Asker: 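Before I ask anything, let me first share the structure, which is written out below as structure tokens.
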Amino acid sequence: MLHRAFFLPPALEVAPLLLGTYCTVSSEEGAVTIRITETEAYHGLGTAGVRDEGAHAKNGKTARNASMFGPPGHAYVYFTYGMHYAINFVTSPEGVASGCLIRSGEVVSGHALARHRRILKRGGNAQHDIPDVQLARGPGNLAAALGVERATHDGRDLLTAPFALEPGSPPKHIAQGPRVGVSGIAGGPAFPWRFWEHGAASVSAFRPGKNVPRT
DNA sequence: TTATCGATTCTCT
DNA sequence: GAGAATCGATAAA
């Protein structure tokens, strides 16, 4: 089990350290465990020396991002694009909005439940099977595979049930680059705050945001 | 293989 | 009312 102090440094420091960590989410249906292979750091209001225009908390605390300002080692779950949830690990002390988006992972146990949830979400269409490496590929898919939703998981402590975190096997090579789907300068090379395990098949495809500078 | 676009609803301005 | 830390299907090359 990870210690709470692990989540005290700013997200930019914690994000690469999360790679390889095992994350389990339990429910009445069962448990699904993933090994984290891709993360992104976001620094909201209160992080010293940084103004991250790509963070939900860039303009301060709102009803949506309130849990980002909460204690470290808790979950920030948000709903986006009308159909997807995504999960962040809150880092940094209370009052400082810093967090790591968990973008992708490889399912290590609970494959059947994860696949069931994914198929259910796409409307029960099981005609096209989902390969294991794609079960938790991308933040929306990852949240679906783990059964994470805002109503039941937002603001919850990551160190107690239904969550469980175990130190895992860190990647041999960590790659770093611009964040996915973030618009403006914050989505460009000036903010290489996305970290992933080099060569991992479970890492999501890169999608640039709008109005992102090339150089 | 790569690029574009529709789905669907919540949040903040 | 606009845009969103996305996904997957479909079109184009």
Side-chain angles (χ1 to χ4, degrees), chain A residues 10-12 14-16 18 36-45 47 50-69 75-92 97-105 107 114-115 117-131 133-155 176-196 201-212 214:
Chain A
L12 193 53
V14 176
L18 281 172
I36 297 171
T37 56
E38 183 183 5
T39 61
E40 280 178 2
Y42 288 88
H43 283 184
L45 209 64
T47 310
V50 192
R51 174 149 182 84
D52 181 6
E53 288 291 337
H56 286 164
K58 63 182 175 183
N59 290 328
K61 196 172 181 176
T62 66
R64 181 202 203 189
N65 64 31
S67 48
M68 278 270 267
F69 290 81
Y76 163 49
V77 180
Y78 67 91
F79 184 74
T80 191
Y81 287 102
M83 59 188 85
H84 301 298
Y85 291 101
I87 182 169
N88 289 248
F89 290 0
V90 176
T91 73
S92 72
S98 191
C100 297
L101 170 67
I102 311 302
R103 285 197 58 88
S104 301
V107 177
R115 182 171 282 106
R117 285 168 170 159
R118 288 288 313 282
I119 292 174
L120 210 63
K121 185 170 180 179
R122 65 160 64 158
N125 178 10
Q127 289 187 342
H128 302 286
D129 192 27
I130 305 172
V133 296
Q134 291 184 19
L135 286 175
R137 182 179 176 180
N141 291 334
L142 182 145
L146 291 177
V148 168
E149 295 182 359
R150 180 172 170 84
T152 48
H153 295 86
D154 184 51
Q176 183 176 1
R179 294 173 294 185
V180 175
V182 176
S183 59
I185 293 176
F191 290 80
W193 291 1
R194 173 181 178 232
F195 303 87
W196 66 96
S202 57
V203 172
S204 62
F206 178 75
R207 282 184 172 84
K210 294 177 181 175
N211 305 316
V212 175
R214 293 185 181 179

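As the structure is a computational prediction, the values presented were derived from the model and not from experiment. Below, all heavy atoms of this structure are taken into account, side chains as well, without hydrogens, waters or symmetry copies. Letters go in sequence order (proteins before strands), and every chain restarts at 1.
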Asker: State yes or no: are the ring centers of A:F79 and A:H84 separated by less than 6.0 Å?
Answerer: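 No, the ring of A:F79 stays outside the 6.0 Å limit from the ring of A:H84, centre to centre.
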Asker: Tell me: CG of A:L101 to C1' of C:dA4, nearest whole Å?
Answerer: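 A:L101 atom CG is separated from C:dA4 atom C1' by 13 Å.
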Asker: Side-chain N or O of A:N141 less than 4.0 angstrom from OP1 or OP2 on C:dG8?
Answerer: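 Yes, within the criterion.
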Asker: Working note: A:Y85 + A:H153, criterion side chain to side chain donor-acceptor pair (under 3.5 Å); need CA distance, chi angles, decisive distance, verdict.
Answerer: CA-CA 11 Å; A:Y85 291 101; A:H153 295 86; over 6 Å; no
Asker: For A:L12 and C:dA5, what is the distance between atoms CG and P respectively, to the nearest whole Å?
Answerer: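 For the pair A:L12 CG and C:dA5 P, the rounded distance is 19 Å.
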Asker: Determine the contact category for A:R64: base if any of its heavy atoms lies under 4.0 Å from a base atom, sugar-phosphate if only primed atoms, P, OP1 or OP2 are that close, otherwise nothing.
Answerer: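 Sugar-phosphate: the residue A:R64, judged by heavy atoms under 4.0 Å, touches backbone atoms but no base.
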Asker: Taking CZ from A:R179 and P from C:dT6, how many angstroms apart are they, rounded to a whole number?
Answerer: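 After rounding, the gap between these two atoms is 11 Å.
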Asker: In whole Å, what is the span from the NZ atom of A:K61 to the P atom of B:dT11?
Answerer: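 A:K61 atom NZ is separated from B:dT11 atom P by 16 Å.
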Asker: Does A:S183 make a side-chain N or O approach to OP1 or OP2 of C:dA4 shorter than 4.0 Å?
Answerer: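 Yes, such a contact exists.
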Asker: Which one, C:dA5, B:dT11, B:dC12, comes nearest to the side chain of A:Y76?
Answerer: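 My answer, after comparing the listed nucleotides, is C:dA5.
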Asker: Closest approach to the side chain of A:N59, judged atom by atom: which nucleotide of C:dT6, B:dT13, B:dT11 is it?
Answerer: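 Nearest to the side chain of A:N59 among the choices is B:dT13.
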Asker: Compare every heavy atom of A:V107 with every heavy atom of A:A114, then report the nearest pair and how far apart it is.
Answerer: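 What the structure gives for the nearest pair is CB-CG2, 4.4 Å.
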Asker: Over how many whole Å does the gap from A:K210 atom NZ to B:dC5 atom P extend?
Answerer: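 For the pair A:K210 NZ and B:dC5 P, the rounded distance is 11 Å.
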Asker: If we count only N and O atoms by modelled type, under 3.5 Å, do the side chains of A:E38 and A:S204 hold a donor and an acceptor together?
Answerer: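 Yes.
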Asker: If you go through the side-chain atoms of A:Y81, does one of them form a donor-acceptor pair with the base of B:dA7 closer than 3.5 Å?
Answerer: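 No, the side chain and the base share no sub-3.5 Å donor-acceptor pair.
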Asker: How many Å lie between CZ on A:F206 and P on C:dC7, as a whole number?
Answerer: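 Rounded to whole Å, this separation is 14 Å.
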Asker: Aromatic rings A:H56 and A:Y76: how do their planes relate, parallel, tilted or perpendicular, breaks at 30° and 60°?
Answerer: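 Because their plane-to-plane angle is over 60°, the rings of A:H56 and A:Y76 count as perpendicular.
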Asker: How many Å lie between CG on A:L142 and C1' on C:dA5, as a whole number?
Answerer: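 It is 13 Å, rounded to the nearest whole Å.
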Asker: Please give the distance between the P atoms of C:dA5 and B:dA3 as a whole number of Å.
Answerer: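 Going atom to atom, P in each nucleotide, I get 22 Å.
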Asker: If pairing requires Watson-Crick or G-U wobble contacts with both distances under 3.5 Å, which nucleotide is the partner of B:dT8?
Answerer: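 Partner of B:dT8: none.
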Asker: Any side-chain N or O of A:R103 less than 4.0 Å from the OP1 or OP2 oxygen of C:dT6?
Answerer: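 The answer is yes; a side-chain N or O of A:R103 sits under 4.0 Å from OP1 or OP2.
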Asker: Identify, between A:F79 and A:H84, the residue whose nearest nucleotide on DNA chain B lies closer to the 5' end.
Answerer: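 Its nearest nucleotide lies further toward 5', so the answer is A:H84.
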Asker: Taking only side-chain N and O atoms of A:R118, does any of them lie within less than 4.0 angstrom of OP1 or OP2 on C:dG8?
Answerer: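 Result: yes.
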Asker: Give a yes or no on whether a donor-acceptor pair under 3.5 Å exists between the nucleobase atoms of C:dG8, that is its base, and the side chain of A:R207.
Answerer: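 Counting by modelled atom types and ignoring angles, a donor-acceptor contact under 3.5 Å is found here.
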Asker: Taking only Lys NZ, Arg NE, NH1 and NH2, and the carboxylate oxygens of Asp or Glu, determine whether A:R179 and A:D52 approach each other closer than 4.0 Å.
Answerer: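 Result for this pair is yes, salt bridge flagged.
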Asker: Please classify the nucleic acid contact of A:G54 as base, sugar-phosphate, or nothing, using heavy-atom distances under 4.0 Å.
Answerer: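 Base: the residue A:G54, judged by heavy atoms under 4.0 Å, touches a nucleobase.
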Asker: Find which nucleotide of DNA chain C each of A:Y78 and A:I130 is nearest to by heavy atoms, and output the residue with the more 5' nucleotide.
Answerer: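 Mapping each residue to its closest nucleotide by heavy atoms, the 5'-most match is A:Y78.
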Asker: A:H56 has an atom NE2; how far is it from atom P of C:dT6, in whole Å?
Answerer: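 A:H56 atom NE2 is separated from C:dT6 atom P by 9 Å.
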Asker: Partner lookup for C:dA12, please. Criteria are Watson-Crick or G-U wobble with both distances under 3.5 angstrom; report none if nothing qualifies.
Answerer: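 Result: B:dT1.
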